[in-house]
Amino acid sequence: MVRGRYFITPHAVQQFQARVARLEYAECIRVIADALEAAPIERHAVTYNGTAMRVRVRKPFHFRAIIVPGDPLPVVTTILKSGKRGQNRGRMQLYAANED
């Protein structure tokens, strides 16, 4: 699914739902794309093998996105937990409260 400046794979959405927040599929795509657009450039790091970028996101949820170069758009291949144990639970409650 293309949203903004990224192609977000179905695998990335499923991993976001399983690891970060249980939101609807379309909502996950919106949250991932908006969070990546808002992530400061200093949160981008090259992976150890040099073929992908890792982007750390903190709002509205803590997660890391793995992005590989694509043609014509970069591809978000997967979503990883941030290591901030339990913090997404509270953020999910705040996120749900703000949606009402």
Side-chain angles (χ1 to χ4, degrees):
M1 168 65 78
V2 175
R3 168 98 186 196
R5 298 185 306 173
Y6 300 97
F7 176 81
I8 302 169
T9 64
H11 173 77
V13 175
Q14 291 167 354
Q15 293 305 311
F16 183 88
Q17 289 172 322
R19 295 176 175 167
V20 180
R22 287 180 170 81
L23 300 174
E24 294 294 324
Y25 192 90
E27 184 68 7
C28 289
I29 290 171
R30 188 189 67 75
V31 168
I32 293 168
D34 292 350
L36 290 173
E37 294 287 335
I41 195 69
E42 61 268 9
R43 298 238 180 257
H44 294 61
V46 178
T47 57
Y48 293 116
N49 65 6
T51 61
M53 294 287 291
R54 181 185 67 245
V55 179
R56 293 178 62 198
V57 174
R58 293 199 174 164
K59 290 182 182 179
F61 300 100
H62 289 276
F63 65 91
R64 293 171 291 161
I66 305 300
I67 303 171
V68 296
D71 184 29
L73 296 171
V75 178
V76 180
T77 58
T78 195
I79 301 293
L80 305 172
K81 288 183 180 180
S82 73
K84 302 284 186 182
R85 240 177 62 195
Q87 288 193 8
N88 279 330
R89 192 172 312 122
R91 287 180 179 262
M92 182 64 190
Q93 292 169 347
L94 288 173
Y95 185 80
N98 289 334
E99 289 295 306
D100 294 335

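None of the values given here were measured: they were computed from a predicted structure.
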From [X] [atom1] over to [Y] [atom2], what is the distance, rounded to the nearest 0.5 angstrom?
X: T78; Y: H11; atom1: OG1; atom2: NE2; value: 3.5 Å
X: Q17; Y: E27; atom1: CD; atom2: CD; value: 11.0 Å
X: R19; Y: Q14; atom1: CZ; atom2: CD; value: 11.0 Å
X: H62; Y: K81; atom1: NE2; atom2: NZ; value: 13.5 Å

State, to 0.1 Å, how close [X] and [Y] come at their nearest heavy-atom pair, and which atoms those are.
X: C28; Y: A21; value: SG-O, 4.4 Å
X: I79; Y: A12; value: CG1-O, 3.4 Å
X: F63; Y: A35; value: CZ-CB, 4.0 Å

Evaluate the side-chain proximity of [Y] to [X]: yes if any heavy-atom separation is below 4.5 Å, no if none is.
X: P72; Y: F7; value: no
X: F16; Y: V31; value: yes
X: I8; Y: L36; value: no

Partners of T77 by side-chain contact (heavy atoms from CB on, under 4.5 Å), sequence neighbours excluded? I66, V68, V75
Before giving the answer on side-chain contact (heavy atoms from CB on, under 4.5 Å), spell out for Q15 and T9 the whole-Å C-alpha distance, their side-chain angles and the decisive distance to 0.1 Å. CA-CA 10 Å; Q15 293 305 311; T9 64; over 6 Å; no
Determine whether L23 and F61 satisfy the following criterion, side-chain contact (heavy atoms from CB on, under 4.5 Å), listing intermediate values before the conclusion. CA-CA 12 Å; L23 300 174; F61 300 100; 4.1 Å; yes
Between R54 (side chain only) and A65 (backbone N and O only), is there a donor and an acceptor less than 3.5 Å apart? no
